[in-house]
Amino acid sequence: MNFPRRAALALPLALAALAGPVAVRAAEPVKIGFLVKQAEEPWFQDEWRFAEQAAKDKGFTLVKIGIPNGEKMMAAIDNLAAQKAVGFVICAPDVKLGVAVNRAAKRHNLKVMSVDDQLVDGAGKPIADIPHMGISGYEIGKQVGQGLLAEMKARGWKPEEVGVLRVAFDQLPTARDRTLGAVDALRAGGLPASNVVDAPQAKTDTESAFNAANIAFTKNAKFKRWVAFGLNDEAALGAVRAAEGRGIKQDAMLAIGIGGSQTALNEFTKPTPTAFYGTVLISPKRHGYETAVAVFEWATQGKAPPPVTLTSGVLMTRQNQAEIRKQMGL
Ligand code: FCA
């Protein structure tokens, strides 16, 4: 009499125990991390915004973490694993951390894809099994140089009289590609190689570019007119602010950035034009949305992203900004 009663109680309990974890698992949304090196930079905020859009559209949860250094980066990856995330997109604070990222991802069984800055191994070679989406750095740099040339010509500036300020961050391959593309385009347009002045910045923000440009201007006072560029809008803007501080204004200076996020838009909406002439607008929408979806589909459907995807850009100035942003779906 006792036995069947106990069994009758035990059976539903056993079933519940079996069903429990499954039911819980089904209700928990899939988590994807999105780790960026400079969370305060408008470009990365835009990327996050579009990744959030992807999460909403596809029904996963996005975990956004700023990773300003290697230590925070490693902690963030461990944290994602502890939260049972299935993968992450990353723009690392230093591309040489590639091997560490790959190892941590494998250890935790997380899918990983890089965005913007391609991760490299100890020898500086891109890590082949981490899919990447970035910009076509050299081509976009050439667009910067060509944009500067066109406006120089429109103003009747003589190439030999113009200083070329390259705000440089050569330890980052995409930064080097971008700025060398600009230099090559300017040289092809007749600017002497000896007019190129390198201004190495310590970090990729406006303040570091400002400091680097200041030193370069001091050392090269012989130039009365300048064109300037760097890896992003912040670099170009730092050069513009440093020039202003020395009385080199919009009529004697031209800078073109890369990005097209709020940093550039703020300049364009100022009542008086500054020397920040334009920017090559790139796509935070593609970089944020598509990478997040790619990692989601890779982790949940086994569909691996293409090894490398490079996106293009378009020159945007104060004049055509509204139209161009609309065309790019921003
Ligand atoms: C790099 C730069 C960012 C942005 C991005 C596309 O990560 O540091 O400013 O230009 O590439």
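Throughout, numbering of the chain's residues begins at 1 and tracks the sequence. Only this structure's heavy atoms are used, side chains among them; waters, hydrogens and symmetry mates stay out.
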Trace of the side-chain contact (heavy atoms from CB on, under 4.5 Å) decision for Phe229 with Val164: CA-CA 8 Å; Phe229 51 85; Val164 175; 3.6 Å; yes
Shortest non-hydrogen contact between [X] and [Y], atoms and distance:
{"X": "Trp157", "Y": "Met253", "answer": "CH2-N, 3.6 Å"}
{"X": "Ala39", "Y": "Gly66", "answer": "CB-CA, 4.2 Å"}
{"X": "Pro159", "Y": "Pro192", "answer": "O-CD, 3.8 Å"}
{"X": "Gln143", "Y": "Val314", "answer": "NE2-CA, 3.9 Å"}
{"X": "Leu315", "Y": "Gly147", "answer": "CD2-CA, 4.0 Å"}
{"X": "Arg246", "Y": "Phe217", "answer": "CD-CB, 3.5 Å"}

Considering residues, nucleotides and ligands other than [X], do more than 12 of their heavy atoms fall under 6.0 Å from its [atom1]?
{"X": "Asn109", "atom1": "CG", "value": "no"}
{"X": "Glu160", "atom1": "CD", "value": "yes"}
{"X": "Lys270", "atom1": "NZ", "value": "yes"}
{"X": "Arg318", "atom1": "CZ", "value": "yes"}
{"X": "Glu207", "atom1": "CD", "value": "no"}

Using modelled atom types only, decide if a donor and an acceptor are shared between the side chain of [X] and the backbone of [Y] within a distance under 3.5 Å.
{"X": "Ser136", "Y": "Thr311", "value": "yes"}
{"X": "Lys222", "Y": "Lys219", "value": "no"}
{"X": "Asp233", "Y": "Thr279", "value": "no"}
{"X": "Asn102", "Y": "Gly98", "value": "no"}
{"X": "Trp48", "Y": "Phe34", "value": "yes"}
{"X": "Glu297", "Y": "Gly302", "value": "no"}

Would a 4.5 Å heavy-atom cut-off, applied to side chains only, mark [X] and [Y] as touching?
{"X": "Leu186", "Y": "Asn195", "answer": "no"}
{"X": "Leu254", "Y": "Val162", "answer": "no"}
{"X": "Leu231", "Y": "Gln201", "answer": "yes"}
{"X": "Arg286", "Y": "Ile135", "answer": "no"}
{"X": "Thr179", "Y": "Asp198", "answer": "no"}
{"X": "Met152", "Y": "Leu191", "answer": "yes"}
{"X": "Met133", "Y": "Val89", "answer": "no"}
{"X": "Ile65", "Y": "Phe88", "answer": "no"}

About how many Å separate [atom2] of [Y] and [atom1] of [X], when rounded to the nearest 0.5 Å?
{"X": "Asp57", "Y": "Glu52", "atom1": "CG", "atom2": "CD", "value": "11.0 Å"}
{"X": "Leu281", "Y": "Ile258", "atom1": "CG", "atom2": "CD1", "value": "11.5 Å"}
{"X": "Leu149", "Y": "Lys142", "atom1": "CG", "atom2": "NZ", "value": "12.0 Å"}
{"X": "Thr174", "Y": "Gln118", "atom1": "OG1", "atom2": "CD", "value": "9.5 Å"}

Test log, rule salt bridge (Lys or Arg N to Asp or Glu O under 4.0 Å), inputs Glu267 and Arg241: CA-CA 11 Å; Glu267 282 300 294; Arg241 289 291 101 87; 2.9 Å; yes
Donor-acceptor pairs are to be reported for all side-chain atoms of residues 319-330 against protein atoms at under 3.5 Å, with residues two or more places apart or in another chain.
| from | atom 1 | to | atom 2 | distance (Å) |
| --- | --- | --- | --- | --- |
| Asn320 | OD1 | Thr317 | N | 2.8 |
| Arg325 | NH1 | Gly260 | O | 3.4 |

Check ion pair Glu151-Arg155 (N to O, under 4.0 angstrom): yes
N-O pairing of Asp46 and Arg49 below 4.0 Å: yes
Any side-chain donor near an acceptor of the partner, Asp116 and Trp43, under 3.5 Å: yes
Pair Ser208, Asp205: side-chain N/O donor-acceptor within cut-off below 3.5 Å: yes
Of Thr206, Thr204, Thr263, the residue whose pairing with Glu234 passes side-chain hydrogen bond (donor to acceptor under 3.5 Å, both in side chains):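 The single option meeting the side-chain hydrogen bond (donor to acceptor under 3.5 Å, both in side chains) with Glu234 is Thr263.
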Criterion side-chain contact (heavy atoms from CB on, under 4.5 Å) on Lys249 and Thr272, from CA distance to verdict: CA-CA 11 Å; Lys249 298 275 163 61; Thr272 330; over 6 Å; no
Cluster check Val293, Leu62: I/L/V/M/F/W/Y, side chain < 4.5 angstrom: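 The answer is no; the residues belong to distinct hydrophobic clusters.
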Check against side-chain contact (heavy atoms from CB on, under 4.5 Å), Phe60 and Val86: CA-CA 11 Å; Phe60 60 88; Val86 294; over 6 Å; no
Worked verdict on Asn232 versus Glu41 for side-chain contact (heavy atoms from CB on, under 4.5 Å): CA-CA 10 Å; Asn232 57 16; Glu41 189 181 310; 4.0 Å; yes
